[in-house]
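Inspection log for the structure reproduced underneath, given as structure tokens.
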Amino acid sequence: MRMILAGSSGRMGHELTSLAQTDPHLHIVACINSKSPLSCLKTQFLSDRDAFDILVDFSDQVCTNDLIQFADQCNKPMLVGTTGLTDSTMEKIRESSTKIPILVASNTSTAIALMHRLVEQAASLLGSTHQIGLEEVHHVHKKDAPSGTARSLARSMRIHCSAAPSDDQVTSIRRDDVPGTHTVSFTSGEDQLVIQHSAMSRSLFARGAIEMARWLVRMPPGLYGPEDWLEQAMNP
Ligand SMILES: NC(=O)c1ccc[n+]([C@@H]2O[C@H](COP(=O)([O-])OP(=O)(O)OC[C@H]3O[C@@H](n4cnc5c(N)ncnc54)[C@H](OP(=O)(O)O)[C@@H]3O)[C@@H](O)[C@H]2O)c1
């Protein structure tokens with residue numbers, strides 16, 4: 001798989017680059033960052049659209065609009081790992097997804113994809129008898145709060161239970177270099193169920209992103225999430 005990597009000089013960019021160095025089936029054909037922006041390589045790839053298979057974005061939400069437009073013009077799939085996307089960016093993503101496959105994943109950990117399903121089931125069964133808590137802890141450099149993953153967990157639960165927390169009710173903690181911990185608790189006077197995911201290292205997000213990207217390049221145009229990847233992984 002030949003990938004253009006946006007955000008190559010960042011924390012996630014480094015993880016993806018080191019994975020590519022040990023994976024003979026993964027080639028990073030071009031890198032985008034502040035010093036080497038999209039504008040520098042746009043012309044080259046627009047005139048040779050078959051020089052890459054997918055655009056993977058772990059940059060900053062200010063770049064994502066232009067990257068979507070570029071993927072759309074090249075008619076290539078795009079995996080958006082960048083978080084903090086605005087409503088107008090999401091609107092652009094929806095528009096372009098009628099033409100190209102786009103996967104938006106605020107968290108590319110495969111275990112987090114499963115966590116979404118578990119919390120949905122728990123909210124559906126326990127939502128009327130238990131109080132639901134949602135806490136996220138991340139490193140001090142993280143720009144958005146609550147995290148994209150916490151928002152997405154809350155949204156998933158709200159579909160199944162009206163008492164699920166709103167974004168304002170998420171507890172966000174910024175501490176040291178924590179890669180990301182998400183905890184959902186269901187508490188009654190009689191018991192407590194805790195579903196927690198702790199990332200030990202950022203490499204898991206890179207590994208999951210590559211797994212999801214390999215799936216995405218085979219998909220028809222559409223807007224996908226990690227839950228779509230999970231569905232086929234659990235029912236191959
Ligand atoms: N989906 C997931 O599982 C997951 C996991 C971790 C992080 N994330 C998200 O991924 C994004 C990146 O995270 P990170 O921790 O790697 O951030 P980071 O270390 O700050 O890296 C950001 C990258 O984006 C580039 N960039 C920023 N503004 C740019 C611009 N205007 N034009 C071109 N490139 C630009 C930076 O280039 P320079 O270095 O040249 O400035 C750098 O390469 C964030 O939104 C984060 O929340 C998602």
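Counting starts at 1 for both ligands and their atoms, following the listed order. This is a predicted model, so every value here is computed, not measured.
Comparing G13, C63, A199, S39 by heavy-atom distance to atom 32 (N) of ligand 1, the nearest is C63. Relative to atom 11 (C) of ligand 1, the option among S59, G7, G148 with the closest non-hydrogen atom is S59. By heavy-atom distance, the residue among K143, M12, R11 lying nearest atom 15 (O) of ligand 1 is R11.
Those atoms of ligand 1 that come under 4.0 Å of a heavy atom in G10, given as number and element, are 16 (O), 18 (P), 19 (O), 21 (O), 42 (C), 43 (O). Within the listing of ligand 1, atoms 40 (O) sit less than 4.0 angstrom from a heavy atom of K35. Close approach of ligand 1 to D60 (heavy-atom distance below 4.0 Å) involves ligand atoms 27 (C), 28 (N). Which parts of ligand 1 touch S9 is read off a 4.0 Å heavy-atom cut-off, strictly below it: atoms 36 (C), 37 (O), 38 (P), 39 (O), 40 (O), 42 (C), 43 (O).
Members clustered with V137: I173, V178, by chain and number, using a 4.5 Å side-chain heavy-atom cutoff among hydrophobic residues.
When each of L19, I4, T17 is checked for a side-chain contact (heavy atoms from CB on, under 4.5 Å) with I28, only T17 meets the rule. Checking each of V56, T64, L55 against V80 for a side-chain contact (heavy atoms from CB on, under 4.5 Å) leaves exactly one that passes, namely T64. Of the candidates R174, K142, H182, E136 forms a side-chain hydrogen bond (donor to acceptor under 3.5 Å, both in side chains) with just one, namely R174.
S96 places no side-chain N or O within 3.5 Å of a backbone atom of I93 that could act as its donor or acceptor partner.
In terms of protein heavy atoms, atom 4 (C) of ligand 1 is closest to F58 CE2, 3.6 Å. Annotation: atom 8 (N) of ligand 1 to nearest protein heavy atom, G81 O, 3.8 Å.
When non-hydrogen atoms are compared, ligand 1 lies under 4.0 Å from the side chain of K142 (C-beta onward) but not from its backbone. Residue contacts with ligand 1 for A209 are absent, since no atom lies close enough (heavy atoms, distance under 4.0 Å). When heavy-atom distances to ligand 1 are checked against a 4.0 Å cut-off, S106 comes that close only through its backbone atoms N, CA, C and O. Contacts between F205 and ligand 1, counted as non-hydrogen atom pairs separated by less than 4.0 Å, involve the side chain only.
Electrostatic pairing of R214 and E211 does not count as a salt bridge here, judged by no charged N lying under 4.0 Å from a carboxylate O. Between K76 and D50 there is a salt bridge, since at least one side-chain N of the basic residue sits less than 4.0 Å from a carboxylate O of the acidic one.
At least one heavy atom of S8 sits less than 4.0 Å from an atom of ligand 1.
One distance of note links CG of N107 with CZ of R151; it measures 14.5 Å at 0.5 Å rounding.
Within the 4.5 Å cutoff, the side chain of Q196 has heavy atoms near those of the T181 side chain.
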